[in-house]
Protein chains: 2
Amino acid sequence: MDGRLSGGENVTLDFRHHPAVTLAEVAEAAGVGESTVSRVLRDHGSFSKKTRDRVMEAVERLGYVPNRIAGTLASAGSRLVAFVIPSLSNIVFPDVLRGASTVLEENQHQAVFSVTDYDPEREEALVAAMLAWRPTAVMLAGFEHSERTLKMLRASGCRVVELLDLDGTALDLAVGYSNRAAGRASAEFLLKRGYRRIGYVGHDLDRDTRAGKRFAGLSEALGAAGAPLADREIYAGGSSVESGRLGLERLLARRRDLDAVYFSNDDMALGGYFHCLAHGISVPSQLAIFGYNGLDIGRVTPQPLSTIRTPRVATGRIAAELVVTNAPPQVVDLGFELVEGATA
Amino acid sequence: MDGRLSGGENVTLDFRHHPAVTLAEVAEAAGVGESTVSRVLRDHGSFSKKTRDRVMEAVERLGYVPNRIAGTLASAGSRLVAFVIPSLSNIVFPDVLRGASTVLEENQHQAVFSVTDYDPEREEALVAAMLAWRPTAVMLAGFEHSERTLKMLRASGCRVVELLDLDGTALDLAVGYSNRAAGRASAEFLLKRGYRRIGYVGHDLDRDTRAGKRFAGLSEALGAAGAPLADREIYAGGSSVESGRLGLERLLARRRDLDAVYFSNDDMALGGYFHCLAHGISVPSQLAIFGYNGLDIGRVTPQPLSTIRTPRVATGRIAAELVVTNAPPQVVDLGFELVEGATA
DNA sequence: ATGAAAGCGCTAACAG
DNA sequence: CTGTTAGCGCTTTCAT
């Protein structure tokens with residue numbers, strides 16, 4: 001009646017696709033009930049040492065791997081933490097993931113992620129997809145989300161952590177630093193150093209709203225000091241060393257009188273710095289350069305890059321800690337540190 | 001009898017923790033059977049347009065989000081792809097994830113990941129944890145895994161993709177390029193350019209076995225050409241720009257006669273290059289520098305870095321495509337490209 | 001200390 | 001075209 005009875009061919013196939021061992025099979029093999037196996041495996045409830053050994057022996061022998069899909073369905077939390085991040089090219093997000101993954105792994109949680117490419121609609125779709133896994137928490141970049149995203153998140157009942165931004169209203173938890181304040185601090189530093197004709201080279205501001213907030217803080221502080229932004233060059237698309245170089249080249253073609261340029265981040269700033277090195281523009285006497293992020297590479301260039309160091313790894317770590325400890329709603333300001341460097 | 005009956009306070013709590021809407025509730029609200037809702041949602045099987053509208057209206061109104069945990073348990077695959085990667089600091093892995101995530105998202109798969117920090121024991125534990133989610137596939141770096149890891153993987157029945165290496169035996173699928181061949185190609189290039197006193201600056205070779213294979217390929221080719229490796233400086237720990245700089249400094253302190261240095265990757269090589277810039281060592285006339293990976297930044301430095309460009313994003317993309325199409329076991333060699341640059 | 005049984009929320013036959 | 005029903009593999013009372 002069953003194909004398996006009719007030939008060796010199917011036996012072979014059955015070996016290959018052997019369905020995973022189940023808890024019931026382990027129970028059977030150990031000669032105990034299913035609930036006993038479950039108790040032993042989770043070390044919860046009581047059982048004799050003898051039973052424990054029998055069960056573990058069977059687990060070992062059969063190569064049993066518990067099925068967390070079933071486990072999660074039967075019990076409470078999934079111990080899944082979902083990251084919906086804008087990009088993996090921008091080093092910021094791998095750094096955040098790195099900080100979080102250590103903590104998550106130590107606490108038997110798993111990280112799931114997807115990449116929005118800075119698109120709010122994709123974010124919406126991806127959040128929905130993530131929510132289908134009933135994660136313990138979902139981590140997002142910043143505070144700008146579509147109405148529907150916010151609604152889904154609120155309705156989900158899972159923890160929400162908004163990362164890397166402080167300029168806005170948190171849904172639940174928020175961990176990061178103020179980009180607006182960072183922009184302002186950069187402006188004040190440059191002004192203090194005596195620069196007055198300051199330009200800006202940046203990448204797409206509408207999509208990367210945190211870069212937009214830094215720009216706003218910068219412009220605001222420069223304006224307030226009576227030294228408004230001299231000019232700006234916006235490079236469509238993501239940030240990169242190459243677009244920083246190109247952006248500075250274009251900006252200088254228009255404005256030879258600039259004495260300092262603020263870049264939307266260190267990648268861009270390094271591009272600008274390399275442009276200066278290659279074209280004999282002496283830094284900072286002819287032109288000062290200032291970045292954002294405090295990448296390690298900026299400390300090793302012939303002149304250390306002047307920038308703002310941000311606690312990206314710590315952001316991930318703290319966010320994960322708040323989630324695994326189920327901390328009450330709160331906003332954690334990790335601050336940032338201005339690195340004077342030698343380029344400004 | 002129940003605390004909830006005694007006061008308004010608990011009612012509020014109940015609102016907050018309102019359990020997620022279930023398919024049964026949607027069916028109820030729409031006045032249809034559960035399987036009908038299921039069919040409509042998955043657009044599978046047949047149903048009238050009228051029914052469809054009624055169901056969708058209820059879904060919308062209740063804010064229903066399907067539970068994939070339950071769905072997966074009831075049906076077949078999880079559509080989860082597990083990445084067990086050594087590091088997130090090394091740009092290689094974010095790049096691979098980036099390539100894969102695009103394809104996975106387009107095909108309604110989710111990426112789960114964890115980080116081994118190049119430790120085979122952690123890898124073993126993390127693979128086990130991943131397997132508990134019954135992923136469609138698990139993606140690993142390279143071919144070096146513990147016996148138990150291999151056993152679990154084989155027994156799991158899920159697809160296994162080994163990434164970024166070709167020098168070894170694949171379990172199922174493998175996508176990448178030969179690190180040994182890359183090391184050899186680098187040596188041949190340097191020799192062809194006339195360099196004979198070649199040194200090496202690298203990071204931990206035992207943990208990063210792919211870097212070890214490049215080193216082996218390099219040494220082998222240099223030895224075969226009668227110009228064996230002059231000296232080497234191994235920096236414990238991961239690769240970084242700073243350790244590249246420091247490594248070169250130390251190496252040169254011992255061997256002033258070197259005419260070229262091969263670095264374990266571009267990060268290290270950039271550190272070396274910056275050291276030369278800062279100390280007036282002219283590149284490549286006094287000292288040639290050669291890296292590995294072909295990072296974008298190396299194309300924008302005052303002198304473009306001589307290196308080998310590797311298809312990291314494509315590795316992730318192809319790996320994901322093989323998985324979502326359930327391709328037969330195979331090894332895909334994506335090759336690499338030697339970039340002549342100006343530093344060697 | 002242990003087993004039996006009732007689900008968790010969904011999908012997949014199988015009837016109608 | 002649609003509803004009913006039997007699980008998926010586990011956890012969790014509840015008895016014993």
Side-chain angles (χ1 to χ4, degrees), chain A residues 17-56 58-59 62-80 108 129 131-135 156-157, chain B residues 17-56 58-59 62-80 108 129 131-135 156-157:
Chain A
H17 298 292
H18 191 284
V21 180
T22 68
L23 184 148
E25 298 176 85
V26 174
E28 164 90 86
V32 301
E34 298 187 25
S35 46
T36 301
V37 177
S38 178
R39 283 186 208 103
V40 170
L41 256 28
R42 286 173 307 122
D43 192 24
H44 181 279
S46 48
F47 42 82
S48 68
K49 174 157 179 29
K50 199 163 158 185
T51 305
R52 205 197 83 95
D53 294 342
R54 288 244 302 278
V55 169
M56 292 316 280
V59 164
L62 301 181
Y64 173 65
V65 178
N67 183 334
R68 276 179 74 66
I69 306 265
T72 300
L73 184 60
S75 68
S78 64
R79 287 175 166 271
L80 237 31
Q108 287 80 248
L131 254 18
W133 284 100
R134 300 295 187 265
S156 73
Chain B
H17 297 292
H18 190 286
V21 180
T22 68
L23 185 146
E25 298 177 85
V26 174
E28 163 90 87
V32 301
E34 297 188 25
S35 48
T36 301
V37 177
S38 179
R39 282 185 209 107
V40 170
L41 257 28
R42 286 173 306 122
D43 192 23
H44 180 278
S46 49
F47 42 82
S48 69
K49 176 159 177 26
K50 200 162 156 185
T51 305
R52 205 196 83 95
D53 293 342
R54 288 244 302 277
V55 169
M56 293 315 280
V59 164
L62 301 180
Y64 173 67
V65 178
N67 183 334
R68 275 178 74 67
I69 307 265
T72 300
L73 185 59
S75 68
S78 64
R79 287 173 166 273
L80 237 30
Q108 287 80 248
L131 253 19
W133 285 100
R134 299 296 185 266
S156 72

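When reading the values below, keep in mind they use all heavy atoms of this one structure, side chains included, and skip hydrogens, waters and symmetry mates. Residue numbering restarts at 1 for every chain, and letters A, B, ... go by the order of the sequence lines.
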Between B:Leu73 and B:Gly31, whichever has its closest DNA chain D nucleotide further toward 5' is B:Gly31
Rounded to 10°, the helix from C:dA1-D:dT16 to C:dG16-D:dC1 deviates from straight, judged by its five-pair end axes, by 40°
| request: With side chain to side chain contact (heavy atoms under 4.5 Å, CB included) as the test, would you mind laying out the steps for A:Val55 and A:Val59 before giving the verdict? | output: CA-CA 6 Å; A:Val55 169; A:Val59 164; 4.2 Å; yes
Under a 4.0 Å heavy-atom criterion, DNA chain C is touched by chain A from C:dA1 to C:dG9
Under a 4.0 Å heavy-atom criterion, DNA chain D is touched by chain B from D:dC1 to D:dG9
Residues B:Phe47 and B:Arg39: closest non-hydrogen pair is CE2-O, 3.6 Å
Contact check, residues 35-44 of chain B vs DNA chain D, heavy-atom distance under 4.0 Å, returns B:Ser35, B:Thr36, B:Arg39
Residues A:Trp133 and B:Leu80: closest non-hydrogen pair is CZ2-CD1, 3.6 Å
Which part of the nucleic acid, if any, lies within reach of A:Ser46 when heavy atoms closer than 4.0 Å are counted: base, sugar-phosphate only, or nothing?
base
So the side-chain hydrogen bond (donor to acceptor under 3.5 Å, both in side chains) pairs with at least one residue in residues 22-31 of chain A (sequence neighbours excluded) are A:Thr22-A:Glu25
Which of B:Val40, B:Val37, B:Leu41 passes side-chain contact (heavy atoms from CB on, under 4.5 Å) with B:Val26? It is B:Val37
Over all strands shown, is B:Thr72 touching base, sugar-phosphate only, or nothing at heavy-atom distances under 4.0 angstrom?
nothing
Contacts satisfying side-chain hydrogen bond (donor to acceptor under 3.5 Å, both in side chains) that involve residues 66-79 of chain A (not counting sequence neighbours) are A:Arg79-A:His109
In short, B:Arg54 meets B:Ala30 closest at the heavy-atom pair NH2-O, 3.0 Å
How far apart are the C-alpha atoms of A:Arg134 and B:Val65, what are their side-chain angles, what is the distance that settles it, and do they pass the side chain to side chain contact (heavy atoms under 4.5 Å, CB included) test? CA-CA 9 Å; A:Arg134 300 295 187 265; B:Val65 178; 3.8 Å; yes
